[in-house]
There are 2 protein chains.
Amino acid sequence: MNAADIAKIAGVSRSTVSRVVNNYGNVTEETRSKVLDIIKEYNYVPHASAQMLAGKKSKIMGLFIIDTKDEKEGNKMCTSSYFSPFTDAVIDAANKQRYNVLISMINEDNDYNNVKELFQNKTISAGIFIGAKNNEPAIKEIIEEGYKIAVIEQEVAGEQDPFSKCIVVNSDSFGGGYQATKYLIQLGHKNIAHLCGDMEQLTAISRIEGYKKALLDAGVSIKNNLIVKGDYTEESGYKAVKKLLLKEKLTAIFIANDSMSIGAMRAIEELGLKIPEDISVVGFDDIEVSRHLQPSLTTVRVPLFQMAFMAANNLIKANDENIDFYANYKIPVELIIRNSCKQMEV
Amino acid sequence: MNAADIAKIAGVSRSTVSRVVNNYGNVTEETRSKVLDIIKEYNYVPHASAQMLAGKKSKIMGLFIIDTKDEKEGNKMCTSSYFSPFTDAVIDAANKQRYNVLISMINEDNDYNNVKELFQNKTISAGIFIGAKNNEPAIKEIIEEGYKIAVIEQEVAGEQDPFSKCIVVNSDSFGGGYQATKYLIQLGHKNIAHLCGDMEQLTAISRIEGYKKALLDAGVSIKNNLIVKGDYTEESGYKAVKKLLLKEKLTAIFIANDSMSIGAMRAIEELGLKIPEDISVVGFDDIEVSRHLQPSLTTVRVPLFQMAFMAANNLIKANDENIDFYANYKIPVELIIRNSCKQMEV
DNA sequence: CTGAAAGCGCTTACAG
DNA sequence: CTGAAAGCGCTTACAG
């Protein structure tokens with residue numbers, strides 16, 4: 001059952017069937033309803049590929065989740081606590097506008113080639129990237145080929161930067177790092193450590209900057225031996241904090257994400273220390289588990305739902321209206337105070 | 001840059017370009033490598049829609065996540081802790097075989113029409129359903145139209161049932177309910193309550209059956225006032241258990257999933273009772289948070305990764321080889337003992 | 001408002 | 001082993 005069949009049955013031309021299907025204006029009401037009836041009766045659905053080949057654009061957008069950490073069994077789930085609400089929201093936003101979303105994971109650099117192919121072979125007409133390292137050249141290449149792109153957490157380095165030619169949605173990582181650290185300072189802490197995230201990502205870079213600025217503004221000196229490196233995985237949090245506590249004296253630690261905080265809490269506990277009595281902890285992201293931890297984790301909430309909606313809706317708009325629309329959003333974050341920090345005694 | 005351009009540059013016909021692209025045998029090595037070079041040089045990628053229209057089948061499979069609960073903000077995240085590992089594994093399995101996956105949520109019955117359209121307009125050539133209620137007629141319809149389908153957690157009611165014409169992957173919910181309950185019995189509990197899941201779903205139906213059978217086998221009488229209804233959401237767990245504890249006397253409760261267990265634990269705590277000292281709790285699913293709860297939750301692990309791989313791989317195989325392949329798997333589950341249950345004193 | 005025709009970019013018998 | 005041609009199912013100027 002194709003357009004020609006419908007045309008024959010309805011006694012009109014294929015052109016007219018097409019006009020009805022696409023809801024164009026230049027058809028009599030009578031013709032339209034006659035054709036519509038036949039379409040319904042025979043349950044005719046236009047062949048998407050034929051439509052595309054003839055000029056319609058794809059209603060499929062890509063969502064690409066970058067996670068190039070070496071995967072142990074455990075990690076996967078953790079990273080997905082961050083990506084999963086984002087994914088849900090993208091699908092939700094897309095479906096509402098009759099778009100579909102094709103999701104793919106990027107675990108190694110080579111996977112970017114598959115993504116590029118998806119654009120080139122016209123399967124998708126737009127794409128969202130989340131989890132990429134800052135300045136990722138593979139994404140820049142795709143943007144430069146002229147495809148419609150939205151990126152989460154990317155720095156735009158001036159007008160020459162390809163990232164200025166897409167939709168960028170960032171959270172205020174600097175502000176979040178600042179707030180988190182300031183909160184610890186206000187509680188009376190002096191020796192506040194920081195566990196960094198994967199420094200290839202913008203979030204990690206900005207969160208540590210916020211941390212440093214807060215210390216600076218409060219006149220607390222920055223001690224480099226209190227700053228340690230992680231890679232955003234739970235395991236890295238565990239190791240880094242265990243090592244740190246064995247060497248340094250501190251009463252509080254600001255950790256660049258919640259997954260590492262979970263590992264850190266395990267390390268602290270294993271060393272016989274109590275949270276928050278001995279060590280105060282602030283995380284970042286507010287993933288689902290954080291409110292269920294013992295003690296519940298004080299953290300900075302990143303509004304991933306909202307960011308997903310902005311990325312998806314802007315992208316769809318640009319695609320539907322066939323316009324070049326570029327933007328650079330910075331979404332505010334919020335400190336969520338729970339039970340992992342305590343006021344220092346005076 | 002299309003096949004005709006490549007053909008002209010390489011000095012061959014479009015047919016030959018097509019043969020090279022599709023890696024057919026009947027081309028001289030010389031011709032092949034010449035064409036391949038040109039393709040690489042000009043970065044030619046065949047138009048996916050044109051290929052499909054000319055007869056190739058779609059390399060996109062659909063993944064449909066059914067969640068028809070009334071959505072409050074909170075629920076969404078909870079349900080996704082169950083779906084998210086499954087989704088990850090499906091994408092992983094698909095990508096490994098050069099398939100892409102298009103994900104869509106079904107929040108109301110009407111959304112099934114969009115799914116059907118995706119098959120009818122040939123965007124996807126196969127699909128996986130997870131979260132559907134048992135016996136879902138909308139899915140039956142799709143199977144009956146002849147599309148390649150895999151379904152998670154569905155009962156197959158004989159050879160006449162449309163579900164016998166697809167790939168069914170179930171976990172052993174009955175066995176899990178049985179094990180969980182038996183474990184509580186062995187710990188010396190007599191008054192073991194059960195909080196059911198959404199009874200429209202096969203898992204809920206089978207889990208309660210396992211519970212009853214375990215009691216029966218142990219000679220413990222089934223008390224209907226100890227069996228209460230939930231709908232798999234955290235909130236329903238909270239409400240049901242609060243009400244239950246106010247009325248009945250019990251020392252243990254087997255809860256049909258972990259999300260409800262989280263709500264239940266909150267209810268128990270609010271009533272001033274301790275887990276496991278006053279009430280032992282066993283959940284089901286082993287979602288990510290469960291091991292982080294306080295106390296960590298004893299639960300039945302459902303191997304969603306494995307189920308996802310079976311569904312995806314079987315489906316892809318059936319699609320690639322263009323065969324009708326039907327199967328009905330029952331995947332074993334495992335009781336994960338943590339700290340939410342205690343041995344009764346003698 | 002409507003139809004005949006060209007064209008989108010491939011694949012696949014068919015013939016050689 | 002290779003090419004000319006038909007065909008996949010649409011949309012969109014163009015002409016009326």
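The shown structure was predicted, so the numbers you read here are calculated from the model rather than taken from an experiment.
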A correct dot-bracket answer for DNA chain D, with pairs being Watson-Crick or G-U at under 3.5 Å, [ ] for crossing pairs and | for inter-strand pairs, is |||.||||||||.|||
Table please: side-chain donor-acceptor pairs of residues 130-145 of chain A below 3.5 Å, with sequence neighbours left out.
from      : atom 1 : to        : atom 2 : distance (Å)
Asn134(A) : OD1    : Glu155(A) : N      : 3.0
Asn134(A) : ND2    : Glu155(A) : OE1    : 2.8
Asn135(A) : OD1    : Lys140(A) : NZ     : 2.5
Glu136(A) : OE2    : Ala138(A) : N      : 3.2
Glu141(A) : OE1    : Lys116(A) : NZ     : 2.5

Distance-only donor-acceptor check, side chains [X] and [Y], under 3.5 Å:
X: Asn319(B); Y: Tyr99(B); result: yes
X: Asn2(B); Y: Arg14(B); result: no
X: Glu108(A); Y: Thr68(A); result: no

Rounded distance (Å) that lies between atom P of dT11(C) and atom OH of Tyr24(B) =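 It works out to 7 Å between those atoms.
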Exercise. Write down the distance between NZ (Lys122(A)) and P (dT11(D)), rounded to a whole number of angstrom.
Key: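 It is 18 Å, rounded to the nearest whole Å.
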Please classify the nucleic acid contact of [X] as base, sugar-phosphate, or nothing, using heavy-atom distances under 4.0 Å.
X: Thr31(B); answer: sugar-phosphate
X: Thr16(B); answer: sugar-phosphate
X: Asn26(A); answer: base
X: Val17(A); answer: nothing
X: Thr28(A); answer: sugar-phosphate

Check whether any side-chain N or O of Asp92(A) sits under 3.5 Å from a backbone N or O of Asp88(A) as a donor-acceptor pair, and report yes or no.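 No; judged by distance alone, with no hydrogens or angles, the pair does not exist.
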- prompt: Among dG3(D), dG9(C), dA4(C), which is the nearest nucleotide to the side chain of Ser13(B)?
  reply: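 Nearest listed nucleotide: dG3(D).
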Item checked: Arg14(B) side-chain proximity, nearest of dC10(D), dG9(D), dT11(C) ->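 My answer, after comparing the listed nucleotides, is dT11(C).
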Next item on the list: Could you tell me whether Lys165(B) and Asp324(B) make a salt bridge, using a distance below 4.0 angstrom between a side-chain N and a carboxylate O?
Entry: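 A salt bridge is absent here (no side-chain N lies under 4.0 Å from a carboxylate O).
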- Query: Under 4.0 Å: is that the gap between some side-chain N or O of Ser15(B) and OP1 or OP2 of dG3(D)?
  - Reply: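 False: Ser15(B) side-chain N/O out of range (4.0 Å or more) of dG3(D) OP1/OP2.
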| Do you know which of Val169(B), Asn170(B), Ile167(B), Val151(B) makes side-chain contact (heavy atoms from CB on, under 4.5 Å) with Asn328(B)? |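 Of all the options given, the one that passes is Asn170(B).
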For Gly25(B) and Ala4(A), find the nucleotide of DNA chain D closest to each by heavy atoms; which residue's nucleotide sits nearer the 5' end?
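In this pair, the answer is Gly25(B).
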### Message
Heavy-atom nearest nucleotide on DNA chain C for Arg19(A) versus Ala50(B): which residue maps closer to 5'?
### Response
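The answer here is Arg19(A).
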